[in-house]
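Right, one structure below, let's go through it.
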Amino acid sequence: MTDAGRPIPTYVRRSGRMGSASRVALRHGLPQRVLPSGCWSPRTTFPGYTQVVLEIGSGMGDAAVAMAIADPATALIVAEVHDAGVAATVRAADAAGCENLWVYHGDGLAALSEHVLPGTLAGVRAWFPDPWPKRKHHKRRLITDEHVALMVDRLQEGGTMHTATDVASYAEVMARVLGAATSLQPVIVGGPRPQWRPQTKFERAGLAAGREIFDFIYRKA
């Protein structure tokens with residue numbers, strides 16, 4: 001969806017002070033995990049890995065790093081716009097000696113449209129994206145027909161789309177949008193968190209507030 005010919009962002013950039021360790025991570029650690037410009041080919045960009053997964057909106061990166069450690073044969077790209085989240089992800093990945101995680105410091109939708117070739121991803125993850133609860137802001141949501149069509153186009157056959165939310169009204173939207181994608185087959189529809197998926201910071205806050213967690217996994221036929 002566009003506004004006057006420009007893409008409508010699904011996020012609002014936040015600014016804030018960062019400590020020296022975070023600044024060092026952005027200055028020295030991040031360049032070691034940045035991907036080349038142009039299109040990313042699984043065979044040439046990620047040699048030696050069995051598959052490539054993209055996580056959109058990785059937050060502080062705790063769940064992403066845990067997933068990368070648990071599956072070292074998979075190349076994981078995390079897309080995050082916020083400096084603090086990028087710095088925290090780099091620091092955690094470096095501390096864990098995680099070599100299969102790359103960072104795209106920007107909009108995950110831009111990464112999909114500008115760098116990812118069709119049919120090349122084994123998975124797209126979007127865990128706890130901003131629900132944008134006000135009706136006037138619904139156009140900013142990540143899970144829309146248009147955005148999901150782009151994600152599905154970049155999935156290979158058998159690849160999975162995995163979203164999660166703690167907002168019941170957004171879960172209804174996810175079920176409708178993902179269910180309407182004709183090339184997707186349901187695996188989990190609004191179920192509880194699979195045991196293998198790490199809890200995220202936003203998820204823990206939702207649980208503490210008494211909200212239910214909804215996971216959605218669909219596989220591309």
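Residue numbers run from 1 in the order of the sequence given. None of these values were measured; they are calculated from a predicted model.
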Here the gap from Arg125 atom CZ to Thr160 atom OG1, rounded to the nearest 0.5 Å, amounts to 7.5 Å
Between the side chain of Ser113 and the main-chain N/O of Ala110, is any donor-acceptor distance below 3.5 Å?
-> yes
The reported gap from CG in Asn100 to CE in Met67 (rounded to nearest 0.5 angstrom) is 11.0 Å
Of all heavy-atom pairs linking Ala66 and Pro198, the shortest is CB-CG, 3.8 Å
Minimal heavy-atom distance between Trp127 and Ala63, with the atoms involved, is CZ3-CB, 4.0 Å
- Query: Leu35, Leu112: one ILVMFWY side-chain cluster at the under-4.5 Å cut-off?
  - Reply: yes
Rounded to the nearest 0.5 angstrom, the OG1-CZ distance for Thr165 and Phe128 is 7.0 Å
Open item on the list: Could you walk me through whether Tyr170 and Ile143 satisfy the side chain to side chain contact (heavy atoms under 4.5 Å, CB included) test, starting with their C-alpha distance in whole Å, then the side-chain angles of each, then the deciding distance to 0.1 Å, before giving a yes or no?
Closed with: CA-CA 9 Å; Tyr170 201 10; Ile143 304 304; 3.6 Å; yes
Value for CG (Leu101) from OG (Ser58), rounded to nearest 0.5 Å, stands at 8.0 Å
So CE of Met174 and CE of Met161: to nearest 0.5 Å the spacing works out to 8.0 Å
Do Pro133 and Val167 touch side chain to side chain, with heavy atoms closer than 4.5 Å?
-> no
query: Under 3.5 Å, is there a donor-acceptor pair between the side chain of Arg141 and the main chain of Pro131?
result: yes
Smallest heavy-atom separation, Cys98 atom then Ala68 atom, equals SG-CB, 3.4 Å
Side chain to side chain contact (heavy atoms under 4.5 Å, CB included) assessment of Val34 paired with His105: CA-CA 8 Å; Val34 170; His105 192 179; over 6 Å; no
Val90 and Ala25 have their tightest heavy-atom pair at CG1-O, 3.9 Å
On a heavy-atom basis, the closest approach of Pro129 and Ala164 is CD-O, 3.4 Å
CG of Leu26 to CZ of Arg91, rounded to nearest 0.5 Å, is 10.0 Å
**Request:** Look at the side-chain heavy atoms of Ile, Leu, Val, Met, Phe, Trp and Tyr, link any pair under 4.5 Å apart, and say whether Leu142 and Leu121 land in one connected group.
**Result:** yes
| task | Check the pair Glu80 / Thr89 against side chain to side chain contact (heavy atoms under 4.5 Å, CB included), numbers first and verdict last. | result | CA-CA 9 Å; Glu80 176 58 51; Thr89 300; 5.9 Å; no
Residue set satisfying ring pair (Phe, Tyr, Trp, His ring centres under 6.0 Å) with Tyr104, at least two apart, ordered chain then number -> Trp40, His115
Legend entry - Contact check, side chains of His147 and Val177, non-hydrogen atoms, under 4.5 Å: no
Taking every heavy atom of Ala93 against every heavy atom of Val65, the minimum-distance pair comes out as N-CG2, 3.9 Å
Next item on the list: Spell out, yes or no, whether Val86 and Leu109 are grouped together once hydrophobic residues are joined by side-chain heavy atoms under 4.5 Å, including indirect joins.
Entry: no
Report, one line per pair, each donor and acceptor closer than 3.5 Å where one atom sits in a side chain of residues 213-221; sequence neighbours left out.
residue : atom : partner : partner atom : Å
Asp215  : OD1  : Arg197  : NH2          : 2.9
Asp215  : OD2  : His162  : NE2          : 2.7
Asp215  : OD2  : Arg197  : NE           : 2.8
Lys220  : NZ   : Val152  : O            : 2.9
Lys220  : NZ   : Leu155  : O            : 2.8

Could you list the donor-acceptor pairs under 3.5 angstrom formed by side chains in residues 50-57, with sequence neighbours left out?
residue : atom : partner : partner atom : Å
Thr50   : OG1  : Ala73   : O            : 3.2
Gln51   : NE2  : Thr74   : OG1          : 3.0

Please determine whether residues Val78 and Ile69 belong to a single hydrophobic cluster, defined as Ile, Leu, Val, Met, Phe, Trp and Tyr linked transitively by side-chain heavy-atom distances below 4.5 Å.
yes
Note to self: Applying side chain to side chain contact (heavy atoms under 4.5 Å, CB included) to Glu114 and Asp107, what does each step give before you reach the verdict?
What the structure shows: CA-CA 11 Å; Glu114 299 170 12; Asp107 185 358; over 6 Å; no
State plainly whether one hydrophobic cluster holds both Met151 and Val189, where clusters connect Ile, Leu, Val, Met, Phe, Trp and Tyr through side-chain heavy atoms under 4.5 angstrom apart. yes
